[in-house]
Each structure stands twice: as structure tokens, then as C-alpha cells.
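Remarks on the structure that follows.
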Amino acid sequence: MKEKYGKLDTLWWTVRKGWAVDRPLILLSLADVPVVVAIPLVQSYFSKVLIDHLGSGASLRCIAVYCTFFAALIGCLMLLQKWIESRRQGRRYHATAIFQQEKSRFTDYETDFENTEKQDFNRTMGYVNDDAYCGKCSLEFIWDDVFNTLKDALGVFACASLMAFIHPALLLIVMFTSFLSYFTTRWQPAYREKHKHLWEKETRKKSYLESLSTKFENAKDIKLYGLEEWLNRMMSDYQAYRLMWEKRCSLRGVWAAILSGIMTLAQDGAAYLFLITMLMSEKMGLGDFVFYFGVVTSIAAFFSGIIGDAAKLSERADKIIHYRELFDYPSHFNHGKGEALPRGAVEIELRNVHYRYAGAEEDTLRGLNLTIRAGESIALVGLNGAGKTTLVKLLCGLYHPTEGQILVGGKPIEAYNAEEYYSMISVVFQQVNVIAFTLLEFITSCVPDRPLARTLAEEALKSAGLWEKVRTLPNGLDTHLMKSVYDDGVDLSGGEMQKLLLARAIYKDGSILLLDEPTAALDPIAENNLYLQYRKLTQNKTSVYISHRFASTRFCDRIVLLEDGVICESGTHDELMQHNGRYAELFNVQSKYYKEDA
């Protein structure tokens with residue numbers, strides 16, 4: 001259960017975070033406040049002084065002196081305000097870029113991998129992305145609101161102090177109408193915040209379709225199966241749904257503006273009528289009337305501003321709460337100082353390990369107890385959906401057991417620093433993700449500064465069976481992947497890409513080797529070559545080889561059959577065949593088809 005945050009607490013959290021990220025912006029905002037408030041008050045007072053001196057018959061020279069003094073004072077204040085504002089504007093988006101980088105680093109690298117697959121995490125991340133990448137990042141632009149709030153608060157205090165000399169009733173009129181305007185100002189943002197969950201899912205679906213439509217590897221399916229019309233229709237439906245809600249929100253904004261305008265008109269009319277009455281009854285002079293006329297105008301603007309500022313701060317706090325929820329989303333793995341990593345091959349022990357995916361009704365893995373001895377190679381077999389890949393992700397430290405514990409080298413995975421623990425793992429997953437590096441960069445990216453990196457990369461390619469292909473390329477190891485990005489790029493076939501992934505795992509030389517269906521895209525000859533050198537690849541390593549082809553695992557020290565999330569059988573191939581249980585049944589079924597094909 002995620003912690004809920006209060007708005008005031010969130011604003012204070014934002015102040016601390018902003019001070020740590022961009023102190024000059026905060027200091028400039030604070031320095032701008034008294035200058036901005038002073039300008040309209042000095043201008044109003046200048047009008048009063050000028051009218052009073054004209055009415056008293058002062059000399060032209062005296063009036064000229066006053067005009068020169070106030071013109072210079074107002075000019076200096078304006079120049080100072082412009083200078084401060086230009087410096088503030090010069091830092092615009094500086095903090096935004098830092099926050100965006102921090103958010104990306106957290107979601108891409110720091111939070112647990114399994115968090116990125118959870119719906120509530122992605123929902124929160126969607127809210128954050130909608131704010132962080134739309135030109136008005138709340139973590140930075142809240143300082144505009146804070147600046148306006150301080151300016152308006154100081155303005156209200158100064159003007160109220162002056163108006164108290166006339167009559168408190170005038171102040172109450174302005175305060176009452178401004179207070180009412182708060183509700184109209186909050187109407188649209190509150191409505192949007194209350195209903196945003198109704199379009200958030202559609203926005204995520206739309207973003208998914210956009211990414212789906214822009215991936216070159218999907219072009220074949222889209223064209224051959226005629227998916228263009230279906231994709232366009234889905235995109236149009238999602239866009240229309242979002243547009244409908246935008247119209248509803250905008251309509252409330254229009255009505256809020258109309259009501260606010262009516263209240264402002266009533267407020268100004270009442271205040272001006274009060275001043276005119278005092279002037280007509282000779283309770284104030286013309287100069288005082290002009291001065292307080294300007295004060296009333298200013299305080300009305302300050303009051304309306306502070307009400308609007310409160311509404312904006314409330315709206316910003318609602319958005320910033322999502323940042324806090326994202327950054328405080330619970331992670332199980334250790335990103336701080338951890339235990340020293342064990343050297344060489346390690347023992348892996350699973351104690352009563354359960355795992356259930358978020359939102360699932362049943363466990364995918366149920367009470368696994370398994371010990372993989374240091375240096376042992378085991379084959380993990382089973383039908384699709386048995387939980388093999390889930391177990392690999394648990395061993396990698398990408399998932400955390402729902403229940404139970406996994407010990408590596410006699411210590412829980414969580415005891416190690418997560419990034420350091422990853423350095424122990426050489427893994428090949430089923431899914432192939434191409435990155436537009438050179439072949440050398442792709443293979444050596446895990447340890448790019450290793451001595452003799454190029455030589456070791458060549459050896460890894462030879463072990464993976466891809467060196468003959470690479471040596472025929474014009475630029476050899478310096479050939480870029482992906483023709484669509486580089487003119488000298490190359491697009492490898494599925495089997496060649498799987499060999500490249502294997503070469504990267506071999507180069508990394510982790511003490512734990514995890515191969516998840518590494519031969520799924522290989523031809524029979526390449527697959528057989530991998531089997532022949534498997535002993536060499538796993539020397540001084542603890543290895544787990546996953547396959548749904550039962551005949552491909554006979555070279556491992558032990559075979560573990562996983563079915564419905566539990567370990568059904570364990571032993572060597574010969575032992576399991578003699579046992580004549582579930583493994584033998586599945587092996588005979590598969591071998592039957594191979595024999596019939598033969």
C-alpha cells in the first residue's frame with residue numbers, strides 16, 4: 001500500500017528539493033517579490049503627490065523636482081525588476097531538465113525491474129510523464145506560483161494597511177468577493193484531478209499504439225495482416241475519448257472565468273462607489289481619492305491573485321504528490337552498500353520460493369526448494385507457462401519472491417548491492433533487443449574498459465559461432481547494427497542475433513550463466529555446436545539452461561522438470577528415463593515427432 005501525502009507536507013518537500021537543485025532560482029524569486037509590490041504602490045503615491053501639489057498651487061519647479069524624483073525611482077525599480085526577471089527566465093527549464101533526468105534514471109535504472117511491469121506503478125509514472133514532459137514541470141514551475149503567492153501576500157498586507165486608514169468596510173468588501181472567486185478558480189482543476197483516472201488508461205493505450213506503429217519490426221505484420229485501418233480506428237477512438245474530456249474540462253474553465261469576471265465587476269463597483277461617496281462628502285481630498293483608487297485596484301488584483309495562487313499551488317501539489325509516490329515506490333533490492341561478492345562459481349539455494357504477478361489470482365511458482373551446487377549446470381525444462389522464465393528473472397535479481405528466499409553464495413540476493421550483483425550474471429533471454437551500437441560496443445558494453453577487450457570479443461564471437469559472419473563484414477567488429485540508423489549498418493537474422501547475445505554473455509564472463517531458450521532461433525547445426533562446447537562455456541560457472549526441447553538438455557549435470565509452478569522431477573536424463581515418470585512421458589512425446597519426421 002502506497003503512502004498518501006498531504007498537500008502542505010508535499011509543498012515543504014518541494015521546497016527542500018528545489019533548494020537542493022536550483023538555489024539561484026529560489027533566491028531570485030524571493031528578491032523579485034518586494035520590487036514587484038513596490039512599483040504599483042509608488043506609482044499610485046506619485047499620482048497623489050502630483051494632484052495634491054497641483055491643487056495647492058505649488059510652483060512648476062517644485063512639481064518638476066517631484067516628477068523627476070518619482071520618475072527616477074519608478075525607473076530604477078522597473079529596471080531592477082526587469083534584471084531580476086531576466087535572470088529568472090534565464091534559468092527556466094534548468095531544474096526541469098534535472099528533474100526529467102532524475103525521473104528517467106529512477107524509472108529506467110534504480111527502481112526494481114518488476115515495478116515497471118505493475119499497473120499502479122505505470123499509472124503513477126503516466127501521471128508524472130504527463131506533467132514532466134508537457135512544458136510546465138510542476139517541480140520547477142511551482143516557484144512561479146510561490147513567487148506570485150509571496151508577491152500577492154505582501155501586496156495585500158501593504159494595501160490593507162493603507163486601506164485601514166479609510167474604513168475597514170472597504171477592506172471587507174474586497175476580501176469577501178475575492179474569497180468567493182477561489183471556488184470558481186478551483187472548479188476546473190478540481191474537476192480535472194477528480195476525473196483524470198477516466199482518461200489515463202486511454203492515454204496509455206494511445207501511447208502504446210503510437211510506439212507500436214513506429215517500430216520497424218512491426219511493419220511486416222501491419223502490412224501483411226492489414227492492421228492499418230484497425231490501428232487508425234483505435235487511435236481515433238482513444239483520441240476522441242481524450243478530446244471529449246478536454247472539452248468538458250475546458251467548458252468548466254469558461255464558466256469559471258465568466259463567474260470570476262462577474263464577481264470582479266461587483267467588487268470593483270462596490271469599492272469605487274464607496275470611494276466616490278467619501279469624495280463627494282468631502283471626507284477625502286482628490287489626491288487621496290486617486291491614491292486610494294489605485295490602492296483598491298491593486299489590492300483587488302492582489303486578493304484575486306492570492307486566491308488564484310492558492311488554487312494553483314493546490315493543483316501543483318496534486319501533481320507533485322505523484323512524483324513522491326513514484327520516487328517512494330517500494331523496492332526490495334539494495335542499491336546502497338552491500339556484502340562483498342563471492343568469487344568463482346557459487347551455490348544457489350531456493351527456499352520455499354513463491355512468486356505471484358501483480359493482479360494475478362494464483363502463484364506462478366509455488367514453494368520451490370532447490371539447491372544448485374557451485375559449478376553445477378542444470379537444465380530447467382517444462383511446457384510453456386511452467387514458470388521457467390519467471391525463475392530466471394528471480395535468479396537475476398529482477399524479481400523478488402512473493403514468499404521465501406533465494407540465497408547466492410550463502411547470502412540472500414538482497415544482501416548484495418543490486419548493480420554489483422548484476423555483474424555476476426551472464427544471461428541470454430528469449431527476447432532480442434537490438435541496440436544501434438557497433439558489434440564491438442554491443443558485446444563489450446558490460447565491461448568496455450577490460451584489457452584486450454577486442455581480442456576477448458573476437459574469442460566470444462568464435463565460441464558463439466558468429467565470427468565467420470563478422471569477419472566478412474567490411475568494417476568487421478566496428479560494423480554498426482541497424483541499417484535504418486547507420487549507412488554502414490547491418491541487420492542480423494534472428495539466429496545470428498541470438499548468437500550475438502550469447503557472445504555478449506560469454507564476454508561478460510559472469511560466475512552465474514543463465515541461458516533462457518538460447519537456441520530457439522538457431523538452426524540444428526548451430527544448436528549442436530553450442531551443445532558440444534557447453535562444457536567449456538560453463539567451466540568454473542554455475543549455470544542454468546532453460547529449454548522446452550527435452551532432447552537439448554542431456555549434456556547438463558542435472559535436469560529439473562518444472563510443471564505448474566512446482567518441481568515435479570529432478571535427476572540426470574538416464575535417471576529420469578528409468579523413473580518413467582512425467583519427464584519420460586514428455587520426452588517420448590517430443591522424440592516421437594522427430595522420429596516420424598525422420
Side-chain angles (χ1 to χ4, degrees), residues 11 15 25-50 70-71 73-89 141-186 257 260-261 263-272 274-275 278 284 287-316:
L11 292 176
V15 169
L25 176 65
I26 298 174
L27 294 175
L28 287 168
S29 297
L30 294 175
D32 206 12
V33 170
V35 181
V36 172
V37 173
I39 290 174
L41 294 178
V42 172
Q43 289 173 332
S44 296
Y45 190 72
F46 169 56
S47 300
K48 166 185 162 47
V49 171
L50 181 61
F70 277 100
L73 178 59
I74 293 171
C76 289
L77 288 173
M78 286 185 169
L79 286 174
L80 179 59
Q81 197 275 326
K82 289 291 184 184
W83 180 83
I84 294 174
E85 184 61 24
S86 67
R87 297 296 298 272
R88 285 181 66 219
Q89 293 296 328
F141 281 83
I142 193 173
W143 290 106
D144 287 349
D145 303 328
V146 170
F147 160 71
N148 289 327
T149 302
L150 294 174
K151 174 200 72 175
D152 292 329
L154 182 59
V156 166
F157 175 78
C159 292
S161 300
L162 293 169
M163 289 177 65
F165 288 103
I166 309 176
H167 201 290
L170 185 58
L171 180 61
L172 292 175
I173 291 172
V174 178
M175 288 178 61
F176 179 71
T177 52
S178 298
F179 176 73
L180 291 179
S181 69
Y182 171 79
F183 299 100
T184 59
T185 307
R186 277 292 296 157
S260 180
M263 283 186 287
T264 300
L265 181 63
Q267 168 188 276
D268 292 348
Y272 297 154
F274 190 92
L275 288 174
M278 293 188 69
M284 68 169 55
D288 289 331
F289 174 82
V290 172
F291 175 64
Y292 283 108
F293 194 91
V295 171
V296 168
T297 302
S298 296
I299 196 172
F302 286 136
F303 258 126
S304 297
I306 204 168
I307 296 299
D309 298 335
K312 288 181 180 177
L313 284 173
S314 177
E315 182 182 358
R316 296 278 192 205

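Screening residues 74-89 for salt bridge (charged side-chain N to carboxylate O under 4.0 Å, His left out), with sequence neighbours left out, gives Asp32-Arg88, Glu85-Arg88, Arg88-Asp144.
Annotation for Ile84 and Leu28: closest pair CG2-O, 3.4 Å, computed over non-hydrogen atoms. Smallest separation of non-hydrogen atoms from Pro34 and Ala31: CD-O, 3.5 Å.
None of Val36, Ile142, Leu30 except one satisfies the side-chain contact (heavy atoms from CB on, under 4.5 Å) rule with Phe147; the exception is Val36.
Listed for the Ser29 side chain is a donor-acceptor partner under 3.5 Å among the backbone atoms of Leu25.
Under the side-chain contact (heavy atoms from CB on, under 4.5 Å) criterion, Val42 pairs with Phe70, Leu73, Ile74, Leu77, sequence neighbours left out.
Here Thr149 contributes atom OG1 and Trp143 contributes atom CH2; the two are 11.0 Å apart, rounded to the nearest 0.5 Å. Between the CZ atom in Phe141 and the CG atom in Asp145 there is a gap of 10.0 Å [rounded to 0.5 Å].
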